[in-house]
Amino acid sequence: MSDSTTITPDRIRNIAIIAHVDHGKTTLVDEMLKQAGSFRENQAVEERAMDSMDQERERGITIKAKNTSIRWGDNVINIVDTPGHADFGGEVERVMKMVDGVMLVVDAYEGPQAQTRFVLKKALAAGLTPIVFVNKIDRPNAEPLEVHDKVLELFLDLDANDEQFGAPFLYGSAKNGYADTTPNTEAEGMVPLLDAIMENIPTPDVDPDAPFKMLVSNIDWSDYVGRIAIGKILSGKVTVGDTVWRLMPGEKPQRAKISKVFEYNALATSEANEAIAGNIVGLSGFEDVDIGETIAATEDAEPLPFVEIDPPTVMMSFAVNDGPFAGIEGSKVTSREIRDRLFREARTNVSIKVEDTDSAGEFKVSARGAMQVAVVVEQMRREGYEVLVSRPTVIKREIDGKWHEPYETLYLEVPDEAVGGCMQSLANRKGTTEAMSTKNGRTTMEITIPTRGLIGFEFELLNLTSGEGIMSHLFKEYRPDSGDIRTRHTGTLVSMEKGEAMTYSLTNIETRGKLFVGPGEQVYEGMIVGENPRTDDLPVNPTKAKHVTNHRAAGSDKTTALTPALRFSLERAIEYIEPDELVEATPENIRLRKRILDSNERKRAAKRAAEA
C-alpha cells in the first residue's frame with residue numbers, strides 16, 4: 001500500500017469501532033477486512049484476528065486499541081478496534097483524537113449496555129459522527145427495532161446534537177458476514193455498511209498545505225526500529241529522512257529524524273516513502289516518544305492538546321517477593337527490574353499511574369479496576385517476573401474537609417429466582433437499587449454502589465446465579481465515605497511450617513474448611529492453604545506425615561480421597577485477599593500468603609494495632 005501518493009485526504013475515512021464487551025466489534029472488523037478483499041482466497045486467517053495478544057485470545061476480550069485499514073475502491077478506511085471492558089476505558093479515550101467518526105455496535109438482544117453508554121458519551125462529547133450497527137440479528141429473541149429505539153433514547157440521554165441524533169442505522173450479523181439498512185436476515189455481504197461509512201463519516205479536518213504536525217495517540221514497538229509513534233497527521237505531509245521535533249508540555253523540544261513511515265493494511269504494516277494529512281500512520285526514528293506528545297516540522301509549533309483521561313479509581317501495591325521460595329521460579333525478581341517494568345507499562349498505558357513509596361521494593365499502581373492490574377500482573381508473570389500484589393483499595397478524595405469515595409453504577413442481569421440473594425449481597429455492600437425490570441424470566445437491575453463494595457462481587461454473583469448473572473459497571477461520582485464494608489465473611493487456614501503438603505495432614509485439615517493446596521505441593525510458614533468458615537485465622541500444619549509403626553502400614557492412607565483443592569485465577573485471588581494478605585504471582589504459581597509470615601510477629605502486630 002505504498003502508493004499513498006495517489007490518495008488524497010478527501011478519500012480517507014477514520015473510524016473507531018466502539019461497543020460493550022462481547023457485542024461483536026472484533027468479529028465485525030474481521031468480516032470487513034475479508035469482504036474488502038484484504039486477504040487472499042487461500043489465506044489462513046484466525047478468528048478475531050485483531051486480538052493479537054495471548055491474553056486477548058484466552059479471555060476472548062480486546063485489551064489494547066489497535067488500528068488497521070481497508071481499501072474500498074479508491075478509498076482508504078482506517079479502523080481502530082477498541083476494548084469493550086470498563087477497566088480499559090483509557091484505551092478508548094485516547095483514540096478519540098485519531099478518528100473523525102465512530103461505529104457503535106449494539107447486540108440485537110441485549111441492547112445498549114453500561115460500556116456502550118460510557119464510550120458513546122466520550123465520542124459524542126468529542127463531536128464525532130456516529131453510525132449504529134445492530135449486530136447479531138440472527139440470534140433467537142433478537143429485537144432489532146426495539147434496540148433501535150433504546151439507542152435513540154441513549155442518544156437523548158447523552159445530549160447528542162441534531163446531526164448525531166440522525167445517525168444512520170444498519171442491521172446485520174458480523175459472524176455471518178452481512179449488513180443491510182433494514183432488519184433483513186436474508187441480506188448478503190457488508191457492502192451497505194462500507195458504503196454507509198464512506199457517505200456519513202466526514203473527511204478528516206486537516207490542512208494539507210500547512211507544515212507537518214501529528215498528535216501521538218498510540219505507541220508500537222519494533223525490535224528493528226524501536227518505538228513507533230502512531231497517530232493521525234493533522235497538517236502537511238512527512239517523508240522518510242525529514243527532520244521533525246518532539247514537542248512535550250513543559251520541556252524543551254527534541255530533534256529527531258524520520259527513519260521509516262508505516263501504513264496499516266489488513267493485519268500487517270507496510271513501509272511507505274511519505275504520508276499525507278488525514279491518514280493514520282506510524283513513524284519511527286525516535287529514541288524516546290510517549291503518548292500525548294506532538295510531532296511537528298518546526299521547533300516553535302504549538303503543541304496539540306491531548307484528550308483528558310478519566311482518573312484511576314483503585315490502587316494496589318506491587319512489592320518484591322520476599323517469601324522463602326523467592327527466585328526459584330522467576331528470573332526477574334529484583335526491585336529495579338520490577339520498577340523498570342511498571343514504569344515502562346505506564347508509558348504505553350495512559351490510564352495506569354505508578355509511584356515509588358517510602359519503603360524500598362514497593363510501588364503503588366493506580367488503575368481503573370482490578371482486572372486492568374490483573375492483566376499487567378499476568379503479563380509480567382509470563383515474562384519471568386515474581387511479584388507480590390496487595391488487595392485493591394479505592395482512591396479517596398478530600399472534598400470540603402470530608403473524605404469522599406468513588407461510587408459506580410452497576411448494571412445486573414440475573415435469573416428471576418436469584419434476585420433475592422443478589423439484593424441481600426448488594427445491601428451488605430452498601431448498594432442501593434435505582435431501577436428494576438423483568439423480561440423473559442430475567443431481571444435487569446441498576447444499582448448505585450461504592451467501588452469498594454464491588455471488589456470481589458463478580459465471583460459472588462457467579463455463585464448466587466449458578467454462573468448465569470451478567471454484570472457491568474461504570475464510574476458515577478465521588479460521594480461521602482459510606483463506612484465499613486466487609487466483602488469477605490470467612491477466615492483463613494494458615495500454614496505453620498515449611499515443606500511438602502501431606503495427604504495425611506490435609507485429610508484432617510479438610511474437616512476445618514476448604515483447601516487451596518493439594519498433596520505434594522510445597523508450602524511455607526504464613527502461606528494461606530485454605531478457607532476457615534469462621535472469621536478468624538487458624539494455624540495448621542499441612543506438612544505433618546503419618547508416623548510408621550509396626551501396627552499399621554504406611555500405605556493404608558493412599559486410598560484416602562481428598563476434595564480437589566480450590567484453584568484461584570489471578571483476578572479472583574487479588575479480590576479474595578484481605579488487607580493483611582498478599583498474592584504471590586510467579587511464572588508457575590499463584591499463592592496466597594499473609595503480609596507478615598511469622599505467626600508470633602503477626603500476633604505482636606495485631607496487638608500493636610489494637611492498642612493504637
Side-chain angles (χ1 to χ4, degrees), residues 20-21 61 63-65 82-94 96 113-119 121-122 125 307-318 342 345-346 349-355 357 363-377 389-400 402-412 426 429-432 434 446-461 471-487 570-572 574-579 583:
H20 186 74
V21 64
I61 61 171
I63 293 171
K64 286 231 177 288
T82 63
H85 200 285
D87 283 20
F88 309 110
E91 294 287 313
V92 183
E93 288 164 345
R94 67 181 167 79
M96 291 300 170
Q113 299 279 313
Q115 187 62 8
T116 320
R117 175 181 290 270
F118 168 78
V119 288
K121 184 179 181 182
K122 296 280 175 195
V307 65
E308 197 65 37
I309 301 283
D310 283 357
T313 53
V314 300
M315 184 175 69
M316 293 156 76
S317 72
F318 279 54
L342 289 174
E345 183 67 33
N349 195 336
V350 288
S351 53
I352 281 183
K353 289 187 173 56
V354 183
E355 301 165 60
T357 62
F363 314 97
K364 281 183 184 171
V365 177
S366 307
R368 288 282 183 83
M371 185 180 186
Q372 189 183 16
V373 181
V375 166
V376 175
V377 177
V389 189
S390 74
R391 177 185 170 87
T393 54
V394 298
I395 299 170
K396 295 186 178 181
R397 285 184 185 173
E398 195 171 352
I399 303 171
D400 300 332
K402 284 187 177 177
W403 284 105
H404 285 56
E405 65 174 330
Y407 271 71
E408 310 218 2
T409 303
L410 171 68
Y411 298 88
L412 271 188
L426 288 164
R429 292 165 177 269
K430 305 282 172 82
T432 51
E434 307 286 346
E446 190 179 316
I447 297 113
T448 302
I449 186 169
T451 303
R452 275 187 305 150
L454 269 181
I455 295 171
F457 176 68
E458 192 168 348
F459 299 96
E460 196 173 328
L461 178 70
M471 69 171 269
S472 51
H473 52 94
L474 210 52
F475 173 73
K476 188 174 184 181
E477 61 190 359
Y478 273 84
R479 288 189 186 178
D481 196 319
S482 58
D484 187 39
I485 298 176
R486 273 195 75 87
T487 56
L570 196 53
E571 285 113 288
R572 175 80 175 99
I574 288 169
E575 295 192 338
Y576 177 82
I577 56 173
E578 290 283 294
V583 173

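All values below were derived from every heavy atom in this structure, side-chain atoms included, with hydrogens, water molecules and symmetry-related copies excluded. For the single chain, residues carry numbers from 1 onward in sequence order.
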Which residues share a salt bridge (Lys or Arg N to Asp or Glu O under 4.0 Å) with [X], sequence neighbours left out:
X      : answer
Glu578 : none
Lys396 : Asp481
Glu398 : none

Nearest-0.5 Å distance that lies between atom [atom1] in [X] and atom [atom2] in [Y]:
X      : Y      : atom1 : atom2 : answer
His404 : Ile399 : NE2   : CD1   : 4.5 Å
Leu342 : Lys364 : CG    : NZ    : 14.5 Å
Ile455 : Thr393 : CD1   : OG1   : 7.5 Å

Got a sec, which residues hit side chain to side chain donor-acceptor pair (under 3.5 Å) with [X], two or more places apart in sequence or on another chain?
X      : result
Arg572 : none
Lys353 : none
Ser366 : none
Arg397 : none

message = Do Glu345 and Val365 have side chains that approach each other closer than 4.5 Å (heavy atoms only, starting at C-beta)?
response =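 They are not in contact (no side-chain heavy atoms under 4.5 Å apart), so the answer is no.
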| query | Phe318 versus Val354: any side-chain heavy-atom pair under 4.5 Å? | reply |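 No. Closest side-chain heavy atoms not under 4.5 Å.
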Check against side-chain contact (heavy atoms from CB on, under 4.5 Å), Leu570 and Val389
CA-CA 10 Å; Leu570 196 53; Val389 189; over 6 Å; no
Problem set entry | Closest approach of Ile395 to Pro312 (non-hydrogen atoms, all atoms of both residues) |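 Looks like CD1-O, 3.6 Å.
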- Item | Minimum heavy-atom distance Gly453-Arg429, with the two atoms named |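 Reported closest heavy-atom pair: O-NH1, 2.6 Å.
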* **Under the ring-ring contact (aromatic ring centres under 6.0 Å, His included) test, residues paired with Tyr478 that sit two or more places apart** =>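 Tyr478: ring-ring contact (aromatic ring centres under 6.0 Å, His included) contacts with Phe475.
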field: Set of residues satisfying ring-ring contact (aromatic ring centres under 6.0 Å, His included) with respect to Phe457, sequence neighbours excluded
entry: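 Partners of Phe457 by the ring-ring contact (aromatic ring centres under 6.0 Å, His included) criterion come out as none, since no residue qualifies.
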query: Looking at Ile447, Thr313, Leu410, which one forms a side-chain contact (heavy atoms from CB on, under 4.5 Å) with Leu454?
result: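 The residue from Ile447, Thr313, Leu410 that satisfies side-chain contact (heavy atoms from CB on, under 4.5 Å) with Leu454 turns out to be Leu410.
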Does Ser390 reach the main-chain N or O of Met316 with its side chain, forming a donor-acceptor pair under 3.5 Å?
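Not confirmed, Ser390 side chain does not pair with Met316 backbone.
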I'd like to know if the side chain of Arg479 reaches the main chain of Pro406, judged simply by a donor and an acceptor atom lying under 3.5 Å from each other, with no hydrogens or angles considered.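 Judged by distance alone, no pair lies under 3.5 Å.
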### Message
Once side chain to side chain contact (heavy atoms under 4.5 Å, CB included) is applied, do any residues pair with Ser482, and if so which ones, sequence neighbours excluded?
### Response
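With sequence neighbours excluded, Ser482 shows a side chain to side chain contact (heavy atoms under 4.5 Å, CB included) to Glu405, Tyr407, Lys430, Pro450, Arg452, Ile485, given in chain and number order.
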Practice prompt. Take Leu426 and Leu412 through the test side-chain contact (heavy atoms from CB on, under 4.5 Å) and record every step on the way to the result.
Written response: CA-CA 11 Å; Leu426 288 164; Leu412 271 188; 3.7 Å; yes
